[in-house]
Every structure is written in structure tokens, then in C-alpha cells.
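Naming: A, B, ... by sequence-line order, numbering from 1 per chain.
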Amino acid sequence: MENKKMLIADDEIHIVQVVAMKFRNNGFEVVTADNGTDAYKLCCEEKPDIIVTDYQMPGMTGIELVEKLRQRPEFADIPVIILTARGFAIEDEQMDKLRITECMSKPFSPKELLSHVENVLEHSTVK
Amino acid sequence: MLTKKYRFLAVLAFIILMLIAAIPLGGTTVPEALVCLAAVGAAVWLSWHLFIEIKMLLAQIARLENDYKNHVEKTSQSLKEAKDYKLQLQLLKRQKRNTEAIIYSISDAVIVTDASDRLIMANEPAGSLFGFDVKQAILKPLEELIQNKELVQLVETSRDRKVRHLRHELQHNFGKDILTYDCIISSIYDDDEQVCGVVSVLHDITREKEISQMKNDFVSHVSHELKTPLASITAYSEMLVEGEANDEKTRKEFYSVIQSQAKRLNRLIEDILNISRIESGLIRVNKEAVSTALIVRDAVQMIKGYAAEKNITVEDQTAIVFDQVYADRDMISQVVINLLSNAVKYTPNGGKITINSEVNESEQVVIVAITDTGIGIPAEELANVFEKFYRVKANNKFAKGTGLGLNLVKQIVEKVHGGRVSVKSEVGKGSCFSFELPLLAAEKTTAR
């Protein structure tokens with residue numbers, strides 16, 4: 001997908017690298033962060049079209065990152081996909097409240113993640 | 001009894017019979033015969049009359065005897081009944097005492113209230129929990145005695161709606177603690193099926209809830225720690241299969257990531273299994289006489305490469321003295337390596353790690369201390385660092401970890417070898433982790 005910018009935030013450097021490569025190979029511009037605090041700063045600076053973030057990160061968790069982003073009008077509707085290795089899924093109530101687009105469990109398929117992101121972006125473009 | 005008419009006819013018949021009987025006497029004159037007859041007749045009449053009277057008396061006596069018998073029977077029956085009542089009363093009293101003893105001996109809080117929600121009975125645990133004197137509180141309204149409005153409400157609801165059994169999880173503030181109770185409220189019914197009282201039993205499940213939470217946290221932690229390297233393995237292998245790694249250099253990088261993550265996964269599983277084996281006493285321990293100084297020396301050699309990457313100096317000040325311990329060499333080696341790798345992990349570039357070992361003759365122990373110039377641990381978190389999966393929040397960003405390494409150190413030193421671990425730390429200055437093990441000589445003395 002051309003001219004689309006995505007942010008991947010994960011404290012696992014290997015995950016960041018592999019996701020970044022998959023998306024760059026498919027025409028995305030990718031910005032990366034290895035903690036929640038840096039991810040927030042990067043969002044404000046880079047204004048990505050979509051955010052893919054890990055749930056459990058140092059500094060700020062993925063949920064805290066979304067909470068903080070939703071307070072800013074420019075990020076009120078930005079699509080967010082959460083990756084989680086936790087044993088329990090995120091509660092529906094929290095998903096709805098923070099308008100989290102999707103929650104994907106680790107281990108995940110980069111191909112599947114790409115397809116989900118493209119779907120989400122297509123729908124948000126149609127709107 | 002004969003009537004007067006029959007009595008008269010009988011007397012007349014008797015006189016006629018006497019006259020007929022007197023005629024054959026011959027020589028006797030008629031007046032003499034009449035006198036004689038009158039005398040005999042009077043005697044006979046008297047006898048008859050006496051006979052009748054006696055018969056009547058006998059009948060009366062028989063009746064009285066019968067009445068007496070009945071009376072005696074009734075009296076003995078009453079006596080028997082009285083005895084039975086007394087016995088039943090004693091039995092009931094004993095049953096009441098037994099029931100009270102059972103209720104008072106129960107460690108759960110038991111509260112019994114009447115149809116007006118007044119206290120009828122409560123045991124000591126109930127008194128202690130809600131802060132009232134059990135003996136003085138009898139017949140006082142429940143809401144005066146119990147500050148927990150939820151419980152009072154539950155008792156009222158149970159009584160009002162005639163609920164036979166109601167089960168509810170109740171939170172209660174007890175001093176600084178919040179306790180959780182499994183509360184069972186049962187209504188008591190009288191013969192008319194009306195609620196005449198309510199029994200509330202409160203079972204403390206605070207510990208069970210904590211254990212359940214710990215279990216959930218453990219599953220969540222294990223899941224997270226296992227899935228993280230697995231996620232890398234899955235993603236990189238998929239990229240290779242999909243041909244996304246274009247050149248040989250990238251492919252080699254990917255193979256290397258898969259290999260390192262597989263090793264990480266294996267280490268993690270081994271750590272979890274070792275902790276579990278130690279906790280359940282199933283681990284195979286090969287104890288022998290070993291020198292801690294030599295174990296430390298080998299471990300330092302192993303860690304030096306990792307320390308050099310961060311330009312950290314490792315100084316081994318342990319002297320080979322008489323420091324032999326009766327221990328599992330591999331396990332103690334694991335302890336030293338875990339402590340050293342933690343020291344390297346949490347020490348910024350250019351820092352220093354010092355290892356000291358000393359023998360305390362009076363305590364008959366050898367003490368190994370590993371001191372670093374690292375980021376340190378906040379005082380309020382020091383007590384938790386040896387807990388399973390515990391990670392110092394402030395240091396999360398500095399380095400990654402599973403929170404299992406220090407727990408394994410504690411398990412090996414304390415549970416397997418009867419030693420002791422300790423930690424001192426100052427934020428920004430560094431930490432000192434130490435462990436002590438009983439000397440071989442001390443072990444032998446204990447064994448004897």
C-alpha cells in the first residue's frame with residue numbers, strides 16, 4: 001500500500017525488525033519504537049496512518065499509549081492494532097472505550113498482520 | 001342389690017318354710033314353736049341382712065381397690081412421665097450445650113438472628129471480626145453490631161424473601177486489610193413455615209483468592225514469556241518461507257534470530273521446570289565437596305565476554321581458602337552465573353563488578369557477595385526481588401528479563417542447600433547480592 005505510514009512499537013527488537021521489513025517490502029513507510037514513551041513522541045512527530053503496538057512495553061503500555069493518544073483530536077480516530085502475548089485477551093469494554101481496531105495474539109503471522117492493516121486502511125479511506 | 005319388696009317376699013317364704021318344718025316336731029306347743037320360729041327367723045333375717053351388707057361392703061372395697069389401683073397406676077404413669085420429661089430436658093440442655101460448643105469451636109464467623117434481626121447467638125470469630133462482645137450483644141439489633149451494611153442487607157433480604165440459602169462473596173475491611181468472605185445465609189422456619197431466624201456463616205477465603213490470583217498471574221506470565229520468543233520464531237520462519245529475505249546475509253540473520261529465540265525459549269522452560277522441581281522436591285541433587293572460590297572463578301570466566309561488550313570490569317577477589325561446601329556444583333554455578341549476568345545486565349557501560357568470598361568461622365558458613373555499580377533497586381521493592389516473575393518496575397526499561405533468575409537463585413541456595421540469600425541496594429549507586437552456604441565441616445557435624 002503506497003504512501004501509507006505505520007508505526008510499530010514493541011520492546012522485542014526482533015519483532016519490530018521483522019514487522020518493519022514485511023511492511024516496507026509492501027510499500028509502507030515504517031517508523032519504529034521500542035517503548036511506549038518513544039512511540040507517543042513518534043506519533044506526534046510522524047503522524048502515522050495506523051499504529052501497531054505491543055501490549056506490554058516498558059515506559060508506557062500499549063493501552064496507556066492509546067489512552068494518551070485518544071486525548072488528542074488528531075489521533076481520535078487513528079486505527080490501532082494491539083499485539084499481545086498475555087494469557088488473557090483485552091476486555092471488550094476496554095476495546096470499545098479506546099476504539100481499538102483489533103487485538104492480535106502473539107505469535108502472529110506477519111502476512112496476516114499486513115492483510116489486516118491493509119483492510120483497516122482501505123475501510124478508513126472509504127469513509 | 002335386692003329391693004324391699006323382694007326382701008319381704010323372701011322373709012315371708014322363709015317363715016312359711018319354718019312353719020312347715022316345725023309341724024313334725026310333735027311335742028312342742030304352738031306358742032313355743034312360734035317363739036322358736038320367730039327367733040330363728042330373726043336370726044336368719046339378721047344374717048341375710050348382714051350378708052347383704054357384707055356383700056355391699058365387699059363390692060365397695062373392690063371398687064376402692066380398683067380405684068386405688070387406677071390411682072397408683074396413674075401416679076406411677078405421671079411419675080414416669082415426669083422422669084421422662086426431666087430426662088428429655090437434660091438431653092435438650094446437653095444438645096444445646098453441644099450445639100453451642102460446636103458453633104463456638106468453628107473458626108468461621110457464625111451469627112444467628114431472630115425474626116426481628118436481633119442477635120440470638122454469635123461465636124468469638126464473629127465478635128472479633130465485627131468488634132462486639134459476644135455475651136453482651138445478645139438481643140441487640142444486628143445493624144447496631146455490624147458495620148458491614150452489605151451483610152446486614154443480605155440478612156434482611158434473606159428473611160424478607162424467605163430465601164432458604166443464599167451464597168455471596170463479601171468484602172470486609174478489617175483494619176488495613178480487605179478480607180474476602182464466602183458468606184452463606186440460611187433462613188430457619190417454624191412449624192407454620194414462617195422465617196423465625198437467620199443463620200449467617202462467614203468463611204474467610206482471602207488466602208484462596210490470593211492463591212487463585214497468583215495462579216492466574218503465573219499462567220499469564222508464563223504465557224507471555226513463552227509466546228514472546230515463539231512470536232519471533234514464527235514470524236522469521238514465515239518470512240523465510242515466503243521468500244521475503246532477499247539475500248543470503250538477511251537469510252543468515254533470520255536463521256540466527258530463530259536459533260537464539262529457540263535457545264531463549266529452552267532456557268525459559270528449563271528455568272520454570274527447575275523452579276517447579278525444586279518446589280516439589282523432585283529435582284535430582286548431586287551434592288559433593290566443592291570449593292565456592294573455584295566455582296566463582298569458572299563463572300567469572302564465562303561472564304567476562306558479556307561484560308566486555310559493555311566495557312564492564314569484573315574483579316574476582318575471592319581467595320582459595322578452606323571454603324569447601326557440600327553442594328551441587330552445577331546448581332551453585334548457576335547461582336553465581338545468574339547473579340553475575342544480572343549485575344552485567346543492570347550496570348551501565350563502563351561500570352564495575354566485584355566478587356568477594358569469605359569464610360565466617362563462627363557461623364560456619366561461606367559468604368559470596370557480588371557488588372555492582374549498576375542502576376540499583378528502590379528500597380520499597382527490595383523485599384520482592386526474589387519473588388517469581390517479579391521485575392523492578394523502574395528497571396524494566398533498562399533491561400529485559402523474565403523475573404525467574406533471582407527466584408531460581410533463592411530456591412537453589414535456600415531450599416536445596418539450606419543457605420540464605422540477601423540483597424542491599426541504593427538507586428543510582430549499585431546493588432550487592434550475596435548468598436551464604438554452610439561449610440562442609442558444619443554439614444558433617446549436622447549429619448552426625
Name the region of A/Asp10, side chain, backbone, both or neither, that has any atom closer than 4.5 Å to a heavy atom of chain B.
neither

Can you establish whether the number of heavy atoms outside A/Glu74 located under 6.0 Å from its atom CD is more than 12?
yes

Most heavy-atom pairs under 4.5 angstrom with chain A, which of B/Ser232, B/Ser260, B/Pro229?
B/Ser232

Considering heavy atoms only, which positions within residues 245-255 of chain B lie below 4.5 Å of chain A?
B/Thr250, B/Phe254

Tell me, yes or no, whether the heavy-atom count around A/Lys5 atom NZ, taken from other residues, nucleotides or ligands under 6.0 Å, exceeds 12.
yes

Residues in side chain to side chain contact (heavy atoms under 4.5 Å, CB included) with A/Ala20, at least two apart?
A/Arg24, A/Val30, A/Thr32

Let me confirm one number: the NZ-CD distance from A/Lys111 to B/Glu242, rounded to the nearest 0.5 Å.
4.0 Å

What is the distance from atom OG1 of B/Thr228 to atom NZ of A/Lys106, rounded to the nearest 0.5 Å?
5.5 Å

Non-hydrogen atoms of chain A under 4.5 Å away: do they reach the side chain of B/Gln261, the backbone, both or neither?
side chain

Chain A contact via B/Glu244 - side chain, backbone, both or neither, heavy atoms under 4.5 Å
both

Supply the atom-to-atom distance A/Leu113 CG to B/Glu238 CD, rounded to the nearest 0.5 angstrom.
10.0 Å

Between A/Glu12 and B/Lys227, does at least one N-O distance fall below 4.0 Å, as a salt bridge requires?
no

Using a 3.5 Å distance criterion without hydrogens, assess whether the side chain of B/Tyr236 forms a donor-acceptor pair with backbone atoms of A/His14.
yes

Do other residues, nucleotides or ligands put more than 12 heavy atoms under 6.0 Å from the NZ atom of B/Lys310?
yes

Using a cut-off of 6.0 Å, state whether more than 12 heavy atoms not belonging to B/Leu282 lie near its atom CG.
yes

Could you pull out the closest heavy-atom pair between B/Ala231 and A/Pro107, with the gap in Å?
CA-CB, 3.5 Å

